[in-house]
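Structure record follows, encoded as structure tokens.
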Amino acid sequence: MQRALSISRQNFPEWYQAVVRDADMAEPSPVRGCMIIKPWGWGIWERMQALLDARIKATGHENAYFPLFIPLSFIAKEAEHVQGFAKEMALVTHHRLKEIDGKLVPDPEAKLEEPLIVRPTSETIIGDSFSRWIRSHRDLPVLINQWANVVRWEMRTRLFLRTSEFLWQEGHTAHANSEEAVEETMRMLEQYRAFAEDDVAMPVIAGEKPANERFPGAVATYSIEAMMQDGKALQAGTSHYLGTHFSEAQNIRFQNDSGELQYCHTTSWGMSTRMIGGVIMTHGDDDGLRLPPAIAPRQIVIVPMLRDKPEDAQVLEYGHALVKELSGKFALDEKIRVLLDTKHIKSSEKRWNWVRRGAPIIVEIGPRDVANGQVTFMRRDMLRDGDKVKSQAMARDEFVAKMPALLEEMQKSLHAEARTRMDSNIRSDIKTFSDLEAYFGAGSDDDAGEFKGWVRAGWAKPEGAALDAVDARLKALKLTLRNVPADGMKAGGTCIFGGGDAKEDILIARAY
RNA sequence: CGGGGCGUAGCGCAGUCUGGUAGCGCAUCUGCUUUGGGAGCAGAGGGUCGCGUGUUCAAAUCACGCCGCCCCGACCA
């Protein structure tokens, strides 16, 4: 069968790259590890920004912007934080170039007195501002978010999933006490969960990260974990309760109502362009990307069948009228986003380009549609019937009237499909470490592409050296601890790592 | 940074072992035909064969060095 993509999901990593390229989302840059985000990929990011930004504002936060450069001394203040990021920091040391022996080199006389780091995250520089902004309990809480780029010098990069420079939003808040800060941490975790499930149609499991997976400097880290179509877990958003670690390091204090000086309790939380990689691996198929309507830059793309003949004009006129009608309608609480693709390339080529890009509804209109007052269209989420592409004709008025409901249905159906896949691939019946080894093939690579999902098991929540030992045993199986699901203990029983009675459930999976 | 693979036209690849001056499919351009749909025929354009140095009469092919990409590790959102 002819597919829109040359590589199938059987070769998952290659398939992923093919989608990124063939769906016109992004391409590698001349700088190793960075990426050029092309209009279609950027359009998806803009949709995510719009939807998540609305949630961030609806929960009382304000956007602001802090600098890209951070004095080196700032990052050194919080011990764990430094340790966490030291290995992947980009540094600015000079402010001028000079030509020496015909080569442009950093001018030795233009060395910065204090080197600057390119932010890997902004806790320290925002904390510095907070220390000046906050004086009294009346100033609290401070609820700030910023949309920014950050740089982490990664060893191994993949477009969207892990790039040296990536885009994200980072929320930073300061509170009078731990209760309020923890509440904020959980509130934003829930916003990420809802954003992932409702807007991105990506089912996730929200929960607390085990101690060894915590953000450097955090008291507690929470995440949402999504299951990709190869069974691996993707951390798609994180929310951290930072306690007073950063406020103590940066002197973020306030006077309480009794006049005493106290340290603030702070939080931070982020969602990045990695989410786009999650969309690909959650919804993509062997014909390319499939976009949930809520995050599709164009929800309906109309391809006119042009033949360089007089009737082209009528087809185009019909198309323009259709655009006007559809874009006046609402779906998923927003105006429907429609495109009439008038580009002068072969109609068939256009159709397959939009299939690869994952436009939810692809409409084709030709002279006969015009004459009959109808449209022919395909649903990208149900593109094929067996091997054949499934397109259907519908009276134009009926089509226009049905679009809002259909787009909403597609949003739900993509979510349901992914939800079923995730739910049916989380096993709770694996109770011992030897069963875990047997399931994941004892760490060998010869599991021959067989789908391996996640394991949810009870554990005794070991700490310190005992936790490191568990981590090492899992590493041998290429497994990691993902999170402790927030929905309580379901697997329970005895600890899968042999530590006695289980205290809570833990998710175990291979991960990105 | 370690182990493996790879780098030849926009994309996918052959040619490399055994050195002789670059090819195939798709895409692109032109013309004609076709027209409910991933069209047919004919012609054309496009490549410092990743980069450099060496060996040789001659290098995509051999040697050495470097760079980049992919997979698996280490690290991580």
Side-chain angles (χ1 to χ4, degrees), chain A residues 1-7 11-18 21-22 24 27-33 83-89 120-121 150-170 192 209 212-216 221 223-226 233-240 268-278 287 303-309 311-312 315 345-356 362 364-372 374-376 378 383 388-389 391-393 443-446 475-476 478 480 510-512:
Chain A
M1 172 186 20
Q2 205 171 4
R3 288 284 188 178
L5 232 52
S6 56
I7 301 168
N11 308 307
F12 205 74
E14 290 81 7
W15 167 84
Y16 176 82
Q17 290 185 84
R21 187 189 61 228
D22 293 349
D24 263 331
E27 60 186 34
S29 88
V31 178
R32 180 184 159 69
Q83 222 198 340
F85 286 108
K87 285 164 288 184
E88 49 187 38
M89 217 95 85
T121 179
V150 288
V151 169
R152 299 178 187 176
W153 217 260
E154 298 290 348
M155 292 176 168
R156 195 172 149 199
T157 59
R158 293 209 231 203
L159 294 180
F160 291 118
L161 292 176
R162 174 164 292 107
T163 45
S164 294
E165 178 191 20
F166 61 92
L167 307 178
W168 73 349
Q169 63 56 224
E170 48 180 323
Y192 286 147
K209 286 287 202 185
N212 61 323
E213 300 276 346
R214 262 181 216 142
F215 174 73
T221 287
S223 72
I224 52 171
E225 304 281 334
L234 182 80
Q235 180 172 308
T238 50
S239 185
H240 316 286
S268 69
W269 25 274
M271 185 280 304
S272 74
T273 36
R274 169 179 252 202
M275 192 63 137
I276 298 173
D287 287 302
V303 178
M305 300 316 221
L306 303 176
R307 303 208 164 90
D308 295 322
K309 297 235 166 132
E311 61 261 32
D312 281 5
V315 174
I345 57 173
K346 262 191 295 187
S347 310
S348 56
E349 194 57 37
K350 277 195 276 197
R351 176 218 274 204
W352 290 103
N353 283 343
W354 289 113
V355 166
R356 280 184 276 269
I362 300 165
E364 295 179 331
I365 50 172
R368 196 181 298 171
D369 293 306
V370 177
N372 295 345
Q374 64 174 35
V375 300
T376 307
M378 284 158 278
L383 185 68
K388 284 202 305 201
V389 171
S391 69
Q392 54 181 311
S444 65
D445 260 332
D446 56 8
K475 193 168 271 181
K478 297 184 201 162
T480 56
R510 291 192 172 143
Y512 277 97

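Chain naming here is simple, since letters A, B, ... match the order of the sequence lines and numbering starts at 1 in each.
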Would you indicate, yes or no, if [N] has its OP1 or OP2 atom less than 4.0 angstrom from a side-chain nitrogen or oxygen of [X]?
{"X": "A:Arg32", "N": "B:C67", "value": "no"}
{"X": "A:Lys346", "N": "B:A39", "value": "yes"}
{"X": "A:Ser347", "N": "B:G38", "value": "no"}
{"X": "A:Lys478", "N": "B:C72", "value": "no"}
{"X": "A:Lys475", "N": "B:C75", "value": "yes"}
{"X": "A:Arg21", "N": "B:G12", "value": "yes"}

Are the side chains of A:Leu161 and A:Leu234 in contact, using a 4.5 Å heavy-atom criterion?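 Yes, their side chains come closer than 4.5 Å.
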For the residue pair A:Val150 and A:Glu170, establish whether any side-chain heavy-atom pair is separated by less than 4.5 Å.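 Yes, their side chains come closer than 4.5 Å.
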From B:C70, B:U35, B:G73, pick the nucleotide closest to the side chain of A:Glu14?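 For A:Glu14, the side-chain atoms sit closest to B:C70.
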Options B:C75, B:G37, B:G38, nucleotide nearest the side-chain atoms of A:Met305: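 So the side chain of A:Met305 is nearest to B:G37.
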Determine which nucleotide pairs with [N], using a 3.5 Å limit on both distances of a Watson-Crick or G-U wobble pair.
{"N": "B:C51", "value": "B:G65"}
{"N": "B:C41", "value": "B:G31"}
{"N": "B:G46", "value": "none"}
{"N": "B:G12", "value": "B:C24"}

Once you apply a heavy-atom cut-off of 4.0 Å, does A:Glu349 come out as touching a base, just sugar-phosphate, or nothing?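 Since no nucleic acid heavy atom lies under 4.0 Å of A:Glu349, the category is nothing.
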Quick one: OG1 on A:Thr273 to CG on A:Leu159, what's the gap to the nearest 0.5 Å?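 Interatomic distance, A:Thr273 OG1 to A:Leu159 CG, rounded to 0.5 Å: 10.5 Å.
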Would you mind reading off the distance between A:Leu161 atom CG and B:C69 atom P, rounded to a whole angstrom?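 Distance, rounded to whole Å: 16 Å.
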Test applied, side chain to side chain contact (heavy atoms under 4.5 Å, CB included); reference residue, A:Ile365; option that passes from A:Val315, A:Thr376, A:Val303: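 Among the candidates, only A:Val315 passes.
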